[in-house]
Amino acid sequence: MPELPEVETVRRGLHELIIGRTIKSIREFESPKSFPNAASDIKTFLIGASVIDVRRRAKVLLIDLSSEYTLVVHLKMTGQLVFVGNTAGPAVASAPTSRSHARLEVGVAPRDVTHGFRDLERFGAGHPNDSLIGELPDRSTRVAVAFTDGSHLYFNDQRKFGWMKLFPTVEVPNIDFMKKVGPEPLEDAFTASAFIERIRRRNGTTIKAAILDQTVLAGVGNIYADESLWGAKIHPVVRVRDVTDKQLAVLLKEIKYVMNLAIEKGGSTDKNYVNAEGKRGSYIDFARVFRQEGKACPRHPDVIIEKIRVAGRGTHICPVCQLQ
DNA sequence: CACTTGACCTGTCCGC
DNA sequence: TGCGGACAGGTCAAGT
């Protein structure tokens, strides 16, 4: 689920909420894969340690502890890290329903001419940043971290693909994932020429598969792949070798643009994603193609967005702007 | 080696 | 209403 903007939103929330808190206890909920090395390390390096920083690399969260260990968390598809405690008040609102985040419908919403977004200010006005979380722990809770002040951090994960692991902080850069993962797309140092050089190693595959490849660049997932390819007017099934350098430069610009906007909107909540306070993100309400099949392309009022399958993933395109 | 596919899980939705 | 199958935002391992 969470891609770079969602993980960054969680990071910012946790940075505000848990730094300085001290771990009192850890409770697991019969899901050993969710915290595979807990048994050996829990008491020595977690209990009594306090949180000194919350960082992010790619789609991974890094919670640094005073014990010089780091809790590394990957949310995968349905993971959530939700804080419940005094600073933010209880994250409990009304009981959620699966339909509680229905899309806003606006009859004639104006559109951003350049990027195809409906008017970002007006369209978002009054949008409730709903809580999607009921009382915790719930049946998706895999690990609960209790702090000494009575607050809690819950790791929820319906599909159990996500995990948290404890590593010595100095070892974090040596984790396999960290060694393989590509550059952060939002860093200024990641220029068009750097992007082009890396993605050309995947010349034989489709452009969508290539930008989803975390070793090419970090953080792009299915939502922002589709959104940025539409922005750059590139069809997702085109082979990388058939995309020009100029188009690749535009694509990187679109990736950066879409991710920055998504961070501003608190990420995309389709089903499960919530921020550190259990609340939804709103980028999905502005999405131009993702989950917009059957609706008009923002650039072409008479053209319907289609859903196809590329690289094994549901893929949304405008068949006119994204000519094959 | 480069690339594609299936597996990991649970839940939901859709068609019969 | 019930049931089977497809599908869901990510990554690996195993296959071609």
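We name chains A, B, ... by the order of the sequence lines, and we start the count at 1 in each one.
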dG10(C), OP1 or OP2 - any side-chain N/O from His74(A) closer than 4.0 Å? no

Which whole-number value in Å describes the distance from Asn156(A) CG to dT10(B) P? 15 Å

Val54(A) and Ile26(A): same hydrophobic cluster, using ILVMFWY side-chain contacts below 4.5 Å? yes

Would you indicate what Gly162(A) reaches in the nucleic acid, counting non-hydrogen atoms under 4.0 angstrom: base, sugar-phosphate, or nothing? nothing

Residue closer to the 5' end of DNA chain C, Arg159(A) versus Lys180(A) (nearest nucleotide): Arg159(A)

For the base of dC9(B) and the side-chain ring of Phe161(A), does the geometry meet a stacking cutoff of under 5.5 Å between centres and under 30° between planes? no

Between Lys307(A) and dA8(C), is there a contact of a side-chain N or O with OP1 or OP2 at under 4.0 Å? yes

Taking only side-chain nitrogens and oxygens of Arg201(A), does any of them come within less than 4.0 Å of OP1 or OP2 of dC1(B)? no

Check this one for me: any side-chain N or O of Lys76(A) less than 4.0 Å away from OP1 or OP2 of dT11(C)? no

Are Lys271(A) and dT12(B) close enough that a side-chain N or O sits under 4.0 Å from OP1 or OP2? no

Check this for me, if you would: do Glu184(A) and Arg56(A) make a salt bridge, where the nitrogen-to-carboxylate-oxygen distance has to be below 4.0 angstrom? yes

Here's a test of your reading of the structure: between Trp163(A) and Asn222(A), which maps to the more 5' nucleotide of DNA chain C? Asn222(A)

dC9(B): pairing nucleotide in any strand, Watson-Crick or G-U under 3.5 angstrom: none

Donor-acceptor pair, Thr206(A) side chain versus Val237(A) backbone, under 3.5 Å? no

Contact class for Arg309(A) vs. all strands (heavy atom < 4.0 Å): base, sugar-phosphate, or nothing? sugar-phosphate

Less than 4.0 angstrom from a charged side-chain N to a carboxylate O is my criterion; do Arg142(A) and Glu30(A) meet it? no

Of all the nucleotides listed (dG9(C), dC12(C), dC3(B)), which has the minimum atom distance to the side chain of Phe177(A)? dC12(C)

From NZ of Lys59(A) across to P of dG10(C) the rounded distance in Å is 4 Å

Under a 4.0 Å N-O cut-off, is there an ion pair linking Arg12(A) with Glu8(A)? yes

Does Thr205(A) have a side-chain nitrogen or oxygen under 4.0 Å from the phosphate oxygens OP1 or OP2 of dT4(B)? yes

Under 4.0 Å, heavy atoms only, any strand: does Gly204(A) hit a base, just the sugar-phosphate, or nothing? sugar-phosphate

Examine dC9(B): is either OP1 or OP2 under 4.0 Å from a nitrogen or oxygen in the side chain of Gln158(A)? Give yes or no. no

Now, which nucleotide makes the Watson-Crick or G-U wobble pair with dG9(C), with each of the two distances under 3.5 Å? none

